[in-house]
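Working notes, structure below.
Fair warning: this is a prediction, and the values are worked out from it, not measured in the lab.
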Amino acid sequence: MTYLLSTYWPWMLIALLLGIAVGFMTFQRSVQAWRPVSWPSWLRLLCLLFVVGLVVAVLKWLPGLAGQYLEAALLLVGSYIVGYFAGSWLASLRAAEPAVQLQPAMAPAAAPVAAAPAATALASDGHPGQRPPSIDRVATPDNLKRIAGVGHTNEIKLNELGIWTFSQIAAWNHQNAEWVGSYLAFPGRIEREDWIGQAARLAQGLETEFSRRVDHGDVPTSL
């Protein structure tokens, strides 16, 4: 094995870099989850062949030169697979940056709460804060239940307010969240569950752990 490593390490490095590039581009394009069922079919086949080849090599079912060729191929394929998942991991970090960067932009809106009486004053409809802008029903409304904390009942109430898309919720400021929280009879819950941050990520076509569970039918209240 040491001989193979010293002989094939340049090719292993190339396979690793190629895997990183493919993994990065594949994850960015499809935003796949980390479950085997969501891997590309060719990757699942490659992993299966790698495992079969590894078993054959460990049990030494291919003696002589054929066995050496198999071990060399396993080193290259293994390097590629490691590179693929490393690239996917790097892409997932990059995909998460827009949602993280969104928080400082919204922070100034929260500052007036303690200083300005207008932030806590009751609106004409009896709810503190400011009612968010509404729109007419769009052709294809977003599934707001993909936001953790928005069940079937809350989605209906949000639709009644003219809230149909993730981008609308992502654009809320603190006063909007305060008003909706009071309207839905659970003040502070929107901020605690970070509806705005979740909606910002979903509006970009990305996923959250909760939205993946909803998509797989694992959340009964969001069916």
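- Residues that satisfy the side chain to side chain donor-acceptor pair (under 3.5 Å) test with Thr208, not counting sequence neighbours, are Ser211.
- In this structure a side-chain-to-backbone donor-acceptor pair under 3.5 Å is missing from Glu178 to Pro187.
- Remark: Tyr183 pairs with His127, Trp179 by the ring-ring contact (aromatic ring centres under 6.0 Å, His included) rule, at least two apart or across chains.
- For Ile156, the side chain to side chain contact (heavy atoms under 4.5 Å, CB included) partners two or more places apart in sequence, or in a different chain, are His152, Glu160.
- Within the 4.5 Å cutoff, the side chain of Trp11 has no heavy atoms near those of the Leu75 side chain.
- Remark: Pro141 pairs with Arg137, Val138, Trp164 by the side chain to side chain contact (heavy atoms under 4.5 Å, CB included) rule, at least two apart or across chains.
- Between Lys157 and Ile163, every side-chain heavy-atom pair lies at or beyond the 4.5 Å cut-off.
- One N or O on the side chain of Gln204 and one on the backbone of Ala200 form a donor-acceptor pair closer than 3.5 Å.
- Residues passing the side chain to side chain contact (heavy atoms under 4.5 Å, CB included) test with Asn176, sequence neighbours excluded: Gln130, Pro132, Trp172, Asn173.
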>> Go through it in stages, so that I can follow the logic: the residues are Ile81 and Val77, the test is side chain to side chain contact (heavy atoms under 4.5 Å, CB included), and I'd like the CA-CA distance, side-chain angles, deciding distance and then a yes or no.
In response: CA-CA 6 Å; Ile81 293 174; Val77 173; 3.9 Å; yes
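- For the ring-ring contact (aromatic ring centres under 6.0 Å, His included) test, residues two or more places apart in sequence or in another chain that qualify with Phe186 are Trp195.
- Side-chain contact between Leu206 and Leu202 is absent, with no heavy atoms from C-beta onward closer than 4.5 Å.
- Residues passing the salt bridge (Lys or Arg N to Asp or Glu O under 4.0 Å) test with Glu191, sequence neighbours excluded: none.
- Asp215 meets the side chain to side chain donor-acceptor pair (under 3.5 Å) test with Arg146; sequence neighbours excluded.
- Contact between Ala86 and Ile20 at its shortest, heavy atoms only, is CB-CG1, 4.3 Å.
- Looking at residues two or more places apart in sequence or on another chain, you find a side chain to side chain donor-acceptor pair (under 3.5 Å) between Glu155 and Lys145.
- Every side chain to side chain contact (heavy atoms under 4.5 Å, CB included) that Leu45 has, sequence neighbours left out, goes to Leu49.
- A 4.5 Å side-chain heavy-atom check between Leu144 and Phe166 finds at least one atom pair inside the cut-off.
- Partners of Ser134 by side chain to side chain donor-acceptor pair (under 3.5 Å), not counting sequence neighbours: none found.
- Residues Gly53 and Leu74 come closest through the heavy atom pair O-CD1, 3.5 Å.
- Shortest non-hydrogen contact noted between Leu76 and Ala15 is O-CB, 3.5 Å.
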